[in-house]
2 protein chains.
Amino acid sequence: MPMTHDAPDAIIDALSIDCLIFGFQKNELDILLVQHGEGISKGKWALPGGWIKYNEGADDAAARILHDLTGVSRIYLEQLRAFGDVHRYPTKRVITIAYYALVKPEAYTLGAGFTASDVKWFKLGDVPTLPYDHSDILEAGLRHLKHKVRHEPIGFNLLPRKFTLLQLQELYEALLGQKLDKPNFRRKLMKMNLLLPCKEKQTDVSHRAASLYRFDKKTYDKLSEKGFTFEL
Amino acid sequence: MPMTHDAPDAIIDALSIDCLIFGFQKNELDILLVQHGEGISKGKWALPGGWIKYNEGADDAAARILHDLTGVSRIYLEQLRAFGDVHRYPTKRVITIAYYALVKPEAYTLGAGFTASDVKWFKLGDVPTLPYDHSDILEAGLRHLKHKVRHEPIGFNLLPRKFTLLQLQELYEALLGQKLDKPNFRRKLMKMNLLLPCKEKQTDVSHRAASLYRFDKKTYDKLSEKGFTFEL
DNA sequence: ACAAAAGTGTTCATCCTACACCCATGC
DNA sequence: GCATGGGTGTAGGATGAACACTTTTGT
């Protein structure tokens, strides 16, 4: 019997959510995985996921799952797409909607209700074999991210609020998988007028301190309306 | 009671599919709509859609719906994304997975099992008010298409197999919403080596006949592997 | 002094744009 | 011959890659 508004908190059958949560540390892209406590794939690391309630939107469900896991809200979160192969899930037919999130190091307050052994950051190179079609989802998410990051200024969501130009460059080098020329990268970014100088410098570095910048979202929104598009 | 393999042909509850089917005629982008024969929105034009069976993948379901409607298979078809707002559908909770298809004029054999009054092409300017969140889906699809067409050679799916450079240019002008310079457009495309000359010319035109070309998918696939990316 | 990274300048090839121009064909 | 679109040429500006160079700061 299909459930309706009579049971608003009940979950929708055959439809789940999975989240790709990306972070950036030590010049490497990381992904957050959870360890299954029970069920068929007990002990296996997998993408964090959950079910959609009848009385919440799909986006809201993804945000809820993310919040439960990290304790943080207002994180960059977008839908990737749905994965609907017949055999993607072994025990019954489940279609999943995949989301991807980009979190700043400041938000790395893991595990509201979780222990360190439940939730862990994995460097992309160290990701274990994932169950179901989670490897496909991860691969699709990475490809999507790699592409999107070049055309929209979303990469800033992976950096602390204040960052140096080198940090930004290294982020892009990691995401795009290629070295970039420092002077050229610097000039290109500066010419966009999207970096707001913090009038501060790095501290505790054993070399000349770099200026800190913030991403200027307001200006970006204004420029976007006028037809400007962020490139590379 | 959740349905399982016991009833493989049964449909999945609370999950539907909607298709944006784009065509190109008279230098205008068209979209295919169907008229609802029954139910709440009887008489209204809406996106063609359907339900997913327990024994078919989501992509397969979209292809099936598309085939039932147009009688054609092997059409360019990709998932846009899922739309999961709580209130997007009035009578009960339904999340939909939206797909978009690009069809060539040759495939305009409408209505296997439909009459002309059931299914119709609408110029984008003449699209009536759509029910549910179908306007949102259309808008999202258009935005996506506009972007994607610049970075991947999918526009060819909207043209006949053999086309002239001007047809191609006019397609892009319609999609991007701007005039393009003929000589430059021509050179840019030719330099990519993705257009295979048919060694044929137009007939029945009251001016100098243009050469016909085909899109060279094989070469494109080869170039892609080597890192080439189609741009504009 | 040296290491390490911050920043600046300059060259050169390449690409893109804008526009002028000639060609072929039907009426 | 003239309208219509097919198709080519070219000058000049903008862009971007490559790399040399100077500056600042901690050890």
Side-chain angles (χ1 to χ4, degrees), chain A residues 24 26-28 149-151 153 159-160 162-174 176-214 223 226-232, chain B residues 24-28 149-151 159-160 162-174 176-214 223 226-232:
Chain A
F24 184 68
K26 307 245 188 77
N27 289 348
E28 294 222 51
V149 93
R150 297 188 51 186
H151 303 289
L159 292 178
K162 300 176 180 182
F163 52 84
T164 70
L165 285 170
L166 187 59
Q167 278 179 287
L168 185 59
Q169 180 181 341
E170 284 169 338
L171 169 65
Y172 273 89
E173 288 178 342
L176 305 180
Q178 62 179 349
K179 276 300 216 178
L180 299 170
D181 182 84
K182 182 170 57 160
N184 295 334
F185 181 82
R186 172 186 204 78
R187 264 187 296 263
K188 185 180 264 175
L189 265 292
M190 293 311 268
K191 207 169 52 177
M192 293 186 191
N193 279 100
L194 294 177
L195 298 184
L196 223 49
C198 295
K199 297 174 179 175
E200 280 179 68
K201 302 241 168 192
Q202 280 180 314
T203 54
D204 300 327
V205 284
S206 70
H207 54 74
R208 177 174 176 182
S211 301
L212 293 168
Y213 296 89
R214 288 189 299 120
L223 288 174
K226 293 181 183 154
F228 166 86
T229 46
F230 181 89
E231 288 298 321
L232 234 178
Chain B
F24 184 68
Q25 259 169 331
K26 307 247 189 75
N27 289 347
E28 295 222 51
V149 92
R150 298 189 51 187
H151 303 289
L159 292 178
K162 300 175 181 183
F163 52 84
T164 69
L165 285 170
L166 187 59
Q167 278 179 289
L168 185 59
Q169 181 181 340
E170 283 167 339
L171 169 65
Y172 272 90
E173 288 178 343
L176 305 181
Q178 61 179 343
K179 277 300 218 176
L180 299 171
D181 182 85
K182 183 169 55 160
N184 296 334
F185 180 81
R186 172 186 202 77
R187 265 188 294 262
K188 183 179 265 176
L189 265 292
M190 294 310 270
K191 206 171 51 178
M192 292 186 193
N193 280 100
L194 295 177
L195 298 185
L196 222 49
C198 295
K199 296 173 181 176
E200 280 179 69
K201 302 240 166 191
Q202 280 180 312
T203 53
D204 301 328
V205 285
S206 71
H207 54 75
R208 176 173 176 181
S211 301
L212 293 169
Y213 296 89
R214 288 190 297 119
L223 288 175
K226 292 181 184 154
F228 166 86
T229 45
F230 181 89
E231 287 298 323
L232 232 181

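Values below: all heavy atoms of this structure, side chains included; hydrogens, waters and symmetry mates excluded. The sequence lines fix the lettering, A, B, ..., with proteins before strands; numbering per chain opens at 1.
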Task: Residues that B/L176 engages under side-chain contact (heavy atoms from CB on, under 4.5 Å), provided they are two or more places apart - done: B/V149, B/R150, B/Y172, B/Q178, B/L232
- [ ] Please name all residues satisfying salt bridge (Lys or Arg N to Asp or Glu O under 4.0 Å) with A/K201, sequence neighbours left out, ordered by chain then number.
- [x] none
TODO: List for me each residue that meets ring pair (Phe, Tyr, Trp, His ring centres under 6.0 Å) alongside A/F230, sequence neighbours excluded, and say none if there are none.
DONE: none
- [ ] Report yes or no: does B/Q169 contribute a side-chain atom to a donor-acceptor pair with the main-chain N or O of B/R186 at less than 3.5 Å?
- [x] no
Task: A/E28: side-chain contact (heavy atoms from CB on, under 4.5 Å) partners, not counting sequence neighbours - done: A/D30, A/K123
Task: Residue closer to the 5' end of DNA chain D, A/K191 versus B/L166 (nearest nucleotide) - done: B/L166
TODO: Take atom CD of B/E170 and atom C1' of D/dG5, then tell me their distance rounded to the nearest Å.
DONE: 10 Å
Task: For B/H151, all residues meeting ring pair (Phe, Tyr, Trp, His ring centres under 6.0 Å), sequence neighbours excluded - done: A/H147, A/H151, B/H147
Task: D/dG6 base / B/K182 side chain donor-acceptor hit below 3.5 Å - done: yes
- [ ] Report the residues that fulfil salt bridge (Lys or Arg N to Asp or Glu O under 4.0 Å) with B/K26, sequence neighbours left out, ordered by chain and then residue number.
- [x] none
Task: Annotated protein contacts, base or backbone, on nucleotides 17-27 of chain D with a non-hydrogen cut-off under 4.0 Å, one of B, S, - each - done: BBBB--BBBS-
Task: Pairwise side-chain hydrogen bond (donor to acceptor under 3.5 Å, both in side chains) hits with a residue in residues 187-200 of chain A, at least two apart - done: A/K162-A/E200, A/N184-A/R187
Open item on the list: Just the rounded figure in Å: distance from P of D/dG6 to CZ of B/F185.
Closed with: 12 Å
Open item on the list: Quick check for you: name the first and last nucleotides of DNA chain C, 5' to 3', having an atom under 4.0 Å from a heavy atom of chain A.
Closed with: C/dA4 to C/dT10
